[in-house]
Amino acid sequence: MPVSILKQREYLIASIQSALTDTEVLELRDALLAEVAKHRARGVIVDVAALDVIDSFVSRSLSTVARTNRLRGAKTVVVGIRPDVAVAMSQFGLRLDAVHTALDLEAGLELLDS
Amino acid sequence: MHIASDADTVVARQKGREAALLIGLSRTEATFVATAISEIARNITIHAGHGEVVIREVTEDGRRGMVVVARDEGPGIRDVAAVLRQEYSSDAGLGIGLWGARRLMDEIEVSSAPGMGTTVTMKKWRGIDEVGLLLHE
Ligand SMILES: Nc1ncnc2c1ncn2[C@@H]1O[C@H](COP(=O)(O)OP(=O)(O)OP(=O)(O)O)[C@@H](O)[C@H]1O
Ligand SMILES: [Mg+2]
């Protein structure tokens with residue numbers, strides 16, 4: 001899976017390195033849920049700047065992570081949605097249920113700290 | 001392009017984006033096309049197993065654009081109209097894939113019947129090329 005997951009303070013930071021197949025999206029979803037539980041993380045940042053497309057499958061997977069984390073008291077912040085991808089998601093009518101968003105990693109950390 | 005796995009879907013949407021940019025669609029429009037291809041190519045692998053996606057440039061009534069045809073010989077769709085209205089829902093998903101593709105593309109046509117396979121034809125037209133028009137005058 002072309003994703004690195006690092007621990008920083010009480011947070012996890014997942015950086016996606018390239019376009020993902022559906023199989024890899026599911027692997028990422030499961031890895032994030034497992035790592036949050038293992039590290040008792042209070043927040044997760046997912047950097048999606050490398051994603052060429054955010055379609056119904058990716059949206060649903062991110063929402064699943066966010067809803068599950070929320071039940072455990074952890075926030076999920078998606079950062080780096082490309083401008084063209086944001087317009088496409090909006091035109092599609094996709095919502096990122098339970099997901100917080102921020103412009104970039106720095107803004108995401110600020111959001112978790114606040 | 002043959003579509004039989006989720007890796008093929010990634011390649012198809014990347015090819016679709018490249019073609020859109022070559023034809024002169026904007027970066028955002030190219031992402032619309034790539035997202036729509038992602039949905040219909042996934043439908044092929046999930047609902048039909050395998051099939052193909054063909055991307056072509058089209059000129060019609062002086063308009064330029066692209067056409068994406070996704071074809072398979074899977075089980076077909078019983079009520080195509082319902083699927084496009086988002087009244088349909090499978091156990092696997094919310095039934096938003098084709099509905100989203102319809103919103104992202106300028107035209108979509110789904111031709112399918114049980115046992116007959118499914119063909120989805122989607123078009124995206126290039127916006128009016130004002131620079132091109134000026135050069136023409
Ligand atoms: N190529 C196909 N072959 C057979 N049935 C299809 C095909 N494409 C779509 N369908 C049927 O149409 C329904 C709606 O498809 P659509 O892509 O809109 O939603 P979905 O696949 O159920 O879920 P989602 O796309 O939201 O993950 C599907 O559940 C499936 O029954
Ligand atoms: Mg679908």
Side-chain angles (χ1 to χ4, degrees), chain A residues 1-3 14-32 46-68 78-99 101 103-104, chain B residues 3-21 25-47 68 83-86 88-106 108 122 124 127:
Chain A
M1 178 179 58
V3 181
S15 302
I16 299 170
Q17 319 285 346
S18 69
L20 300 181
T21 63
D22 288 357
T23 308
E24 289 166 338
V25 169
L26 293 181
E27 282 169 14
L28 171 62
R29 179 197 68 186
D30 295 347
L32 283 175
V46 187
D47 188 341
V48 299
L51 288 188
D52 59 332
V53 153
I54 298 184
D55 60 13
S56 65
F57 193 83
V58 174
S59 297
R60 196 177 300 147
S61 302
L62 289 172
S63 291
T64 300
V65 169
R67 278 197 305 270
T68 310
V78 166
V79 305
I81 297 180
R82 287 170 20 179
D84 52 314
V85 171
V87 178
M89 290 175 71
S90 149
Q91 177 70 24
F92 194 134
L94 291 174
R95 285 172 317 166
L96 288 177
D97 188 31
V99 173
T101 52
L103 197 56
D104 53 22
Chain B
I3 305 289
S5 71
D6 57 354
D8 295 334
T9 295
V10 173
V11 174
R13 71 189 190 217
Q14 284 169 346
K15 289 253 161 70
R17 175 190 304 277
E18 283 163 25
L21 292 173
L25 296 178
S26 72
R27 190 187 147 104
T28 300
E29 289 167 328
T31 301
F32 281 26
V33 171
T35 308
I37 291 176
S38 194
E39 294 293 341
I40 56 160
R42 173 179 305 112
N43 280 351
I44 291 178
T45 58
I46 290 187
H47 301 295
V68 178
V83 163
L84 285 172
R85 281 198 310 268
Q86 210 203 0
Y88 195 92
S89 175
S90 69
D91 292 337
L94 298 171
I96 61 172
L98 281 168
W99 180 76
R102 180 188 185 172
R103 297 192 49 154
L104 290 165
M105 303 295 286
D106 293 330
I108 186 165
M122 313 190 289
K124 189 85 185 165

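Chain naming here is simple, since letters A, B, ... match the order of the sequence lines and numbering starts at 1 in each. Being a predicted model, the structure only gives us computed values, none of them experimental.
- Annotation: salt bridge (Lys or Arg N to Asp or Glu O under 4.0 Å) contacts of A:R67 (sequence neighbours excluded): A:D97.
- Only the backbone of A:L20 comes within contact range of chain B, with at least one heavy atom under 4.5 Å from a heavy atom of that chain.
- Using a 4.5 Å cut-off between heavy atoms, B:R27 touches chain A through backbone and side chain atoms alike.
- The backbone N or O of A:E27 lies less than 3.5 Å from no partner atom in the side chain of A:D30, so there is not a single donor-acceptor pair.
- A:S90 contributes no side-chain N or O that, together with a main-chain N or O of A:A86, makes up a donor-acceptor pair within less than 3.5 Å.
- Across all non-hydrogen atoms, the minimal contact from A:D22 to B:D6 is N-OD2, 3.4 Å.
- Contacts with chain A (heavy atom to heavy atom, under 4.5 Å) involve these residues of residues 29-37 of chain B, listed by number: B:T31, B:F32, B:A34, B:T35.
- For the pair A:E24 (side chain) and A:P2 (backbone), a donor-acceptor distance under 3.5 Å is absent.
- With hydrogens and angles ignored, the 3.5 Å screen pairs a side-chain donor or acceptor of B:E39 with a backbone N or O of A:S56.
- There is no contact between B:R102 and chain A, counting heavy-atom distances below 4.5 Å.
- Across B:I108, B:D106, B:L98, a single residue satisfies side-chain contact (heavy atoms from CB on, under 4.5 Å) together with B:M122, and that is B:I108.
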